[in-house]
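First up is the structure itself, then whatever we jot down about it.
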Amino acid sequence: MWTLDEGAAVPVWRPRDPVPHRLLAFSTRRGGVSQAPYDTLNLGRSTDDRPEAVTENRRRLLASLGSDAERLATAGQVHGPRVAEVGSAGLHPDADALVTRVPGMVLAVSSADCLTLLLTAPGAVAAAHSGWRGTVQGMPRAVLRALCQLAGVGPDQVTVHVGPHIRPCCYEVGEEVARQFPPASVSRRDGKSHLDLLAAARQQLLEEGVPREAIGGAPECTSCNSSWYFSHRREGGRTGRQWAVAGLREESASGQDGRRV
Ligand SMILES: [Zn+2]
């Protein structure tokens, strides 16, 4: 179960019963300094927002999570299925997902409608951006496998947390997109196809062996909730980006084998 601390200076979604030493969060559009149409907590550098505003927004969010930009790893997000293993801070230009077992690292992927996934296993975490292109190319499966390999565990030891993204209520797609997805993830309404990205991702994860009850999170519709989220589609492309964030806090290094999280 996840909860949104609506009254906080920087409101974020967090696990209701957080695991010690593990950092997991989904940001919203509130709590930052950016002006419209990036108001206010725009975390994306790929926008026309003022860079200094984005830097301040990132600082605010990371501070609220007990971290800072010195420990931040981000992905270039080219809408592919590539997963990068992170050992130090910085940008991984050709990756859409990040995985690490290094305590202190903070992994962040950005989105403004696309599905984001945070995955946890004993001693390792992952963050993935999985829009329709990435999902078609198998990103949910790819990030799961990368995490399992790094942690040395099976998919039954993994928990998956789903971030706010555009839900089927608002995600009308053309036939050229719809036909690339399993029929169970596409619904028809008024002669139009509506895509359920989460259903498509879930199918990949279940096929790999993730227990159904281990898939949760905060899958709110970014397009329906304009006061809380940036939505690329609703705003016609000119909007900010929210983050999905995962990390292992440094205290977890005190475990004898470094895996005890
Ligand atoms: Zn919606």
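We're numbering straight along the sequence, starting at 1.
Taken together through direct or relayed side-chain contacts under 4.5 Å among Ile, Leu, Val, Met, Phe, Trp and Tyr, I166 and V136 form part of one hydrophobic cluster. L24 is not connected to L119 by any chain of hydrophobic side-chain contacts under 4.5 Å among Ile, Leu, Val, Met, Phe, Trp and Tyr, and they are in different clusters. V86 and V78 are not part of a single hydrophobic cluster, where members link through side-chain heavy atoms under 4.5 Å apart. Residues V160 and V245 are members of separate hydrophobic clusters, defined by side-chain heavy-atom contacts under 4.5 angstrom among Ile, Leu, Val, Met, Phe, Trp and Tyr. Hydrophobic clustering, with ILVMFWY side chains joined whenever heavy atoms are under 4.5 angstrom apart, keeps V33 apart from F230.
Counting heavy atoms from C-beta outward, H194 and C169 have side chains that stay 4.5 Å or more apart. Two residues are said to be in side-chain contact when any heavy atoms from C-beta on lie closer than 4.5 Å; H161 and W13 fail this criterion. A 4.5 Å side-chain heavy-atom check between V99 and V125 finds every atom pair outside the cut-off. A heavy-atom distance below 4.5 Å is found between the side chains of V54 and R58. A heavy-atom distance below 4.5 Å is found between the side chains of E175 and S193. Counting heavy atoms from C-beta outward, L197 and R167 have side chains that stay 4.5 Å or more apart. Here the side chains of D96 and M139 are in contact, with some heavy-atom distance below 4.5 Å. Using a 4.5 Å heavy-atom threshold, the side chains of V83 and L98 count as separate.
Going from atom CG of L198 over to atom CG of L195 covers 10.5 Å, rounded to the nearest 0.5 Å. If you take CG on D190 and CZ on R188, they are separated by 10.0 Å, rounding to the nearest 0.5 Å. Separating the CG atom in L147 from the CG atom in L118 is a distance of 11.0 Å, to the nearest 0.5 Å. One distance of note links CZ of R133 with NE2 of H129; it measures 10.0 Å at 0.5 Å rounding. Taking SG of C221 as the reference point, atom NE2 of H165 lies at 8.0 Å (rounded to 0.5 Å). Interatomic distance, OG1 of T40 versus CG of N57, reported as 6.5 Å (0.5 Å rounding).
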Quiz item: What's the verdict on side-chain hydrogen bond (donor to acceptor under 3.5 Å, both in side chains) for E208 and Q204, showing C-alpha distance, side-chain angles and the deciding distance?
Solution: CA-CA 6 Å; E208 291 289 308; Q204 291 182 27; over 6 Å; no
Exercise. Begin from the C-alpha positions of T74 and H92 and carry the test side chain to side chain contact (heavy atoms under 4.5 Å, CB included) through to its verdict.
Key: CA-CA 6 Å; T74 57; H92 294 262; over 6 Å; no
Quiz prompt | Derivation of the side-chain hydrogen bond (donor to acceptor under 3.5 Å, both in side chains) call for T239 and R234 | solution = CA-CA 9 Å; T239 192; R234 188 193 60 233; 5.5 Å; no
Quiz item: Please walk me through it: do L205 and L144 pass side chain to side chain contact (heavy atoms under 4.5 Å, CB included)?
Solution: CA-CA 7 Å; L205 296 166; L144 172 67; 4.1 Å; yes
Quiz prompt | CA sep, side-chain torsions, deciding dist, call: R241, N42, side chain to side chain contact (heavy atoms under 4.5 Å, CB included) | solution = CA-CA 5 Å; R241 300 288 184 275; N42 172 34; 4.0 Å; yes
Exercise. Evaluate the criterion side-chain hydrogen bond (donor to acceptor under 3.5 Å, both in side chains) for residue pair H232 and D113; output intermediate values, then yes/no.
Key: CA-CA 6 Å; H232 189 270; D113 281 342; 5.2 Å; no
Quiz item: Between L41 and T28, is a side chain to side chain contact (heavy atoms under 4.5 Å, CB included) present by the stated rule, with each step listed?
Solution: CA-CA 7 Å; L41 195 76; T28 72; 5.6 Å; no
Exercise. Quick one: do T116 and S111 satisfy side-chain hydrogen bond (donor to acceptor under 3.5 Å, both in side chains)? Show the steps, please.
Key: CA-CA 7 Å; T116 55; S111 71; 4.6 Å; no
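A salt bridge links R71 to E250: at least one charged side-chain nitrogen sits closer than 4.0 Å to a carboxylate oxygen. With respect to the salt-bridge test (charged N to carboxylate O, under 4.0 angstrom), the residues R238 and E235 do not qualify. Salt bridge absent: R233 and E172 never bring a charged side-chain N and a carboxylate O closer than 4.0 Å. Taking 4.0 Å as the cut-off between side-chain N and carboxylate O, D5 and R14 count as a salt-bridged pair. Ion pairing of D39 with R29 is present here, as a side-chain N (NZ or NE/NH1/NH2) and a carboxylate O approach within less than 4.0 Å.
Across C224 and C170, no two heavy atoms sit closer than the pair SG-SG, 3.6 Å. In terms of heavy-atom proximity, V12 sits nearest to S27 at CG1-CA, 4.0 Å. Closest of all the heavy-atom pairs between V143 and A97 is CG2-CB, 3.9 Å. Contact between V158 and C148 at its shortest, heavy atoms only, is CG2-SG, 3.7 Å. Listed here is the closest heavy atom pair of T100 and L248: O-CD1, 4.3 Å. Of all heavy-atom pairs between M105 and A73, the closest is CE-CB, 4.1 Å.
Residues D196 and S185 have side chains that never bring a donor and an acceptor to within less than 3.5 angstrom of each other. Side-chain contact of Y229 with Q242: a donor-acceptor pair under 3.5 Å is absent, judged by distance alone. Side-chain N/O atoms of R30 and S227 include a donor and acceptor closer than 3.5 Å.
Enclosure of atom CZ in R212 is not indicated, since only 12 or fewer non-hydrogen atoms of other residues, nucleotides or ligands lie within 6.0 angstrom. Heavy atoms of other residues, nucleotides or ligands lying less than 6.0 angstrom from CD of E207 number more than 12.
The closest donor-acceptor contact from the side chain of S130 to the backbone of L115 lies at 3.5 Å or more, if one exists at all.
Between F26 and W2, a ring centre-to-centre spacing shorter than 6.0 Å is recorded.
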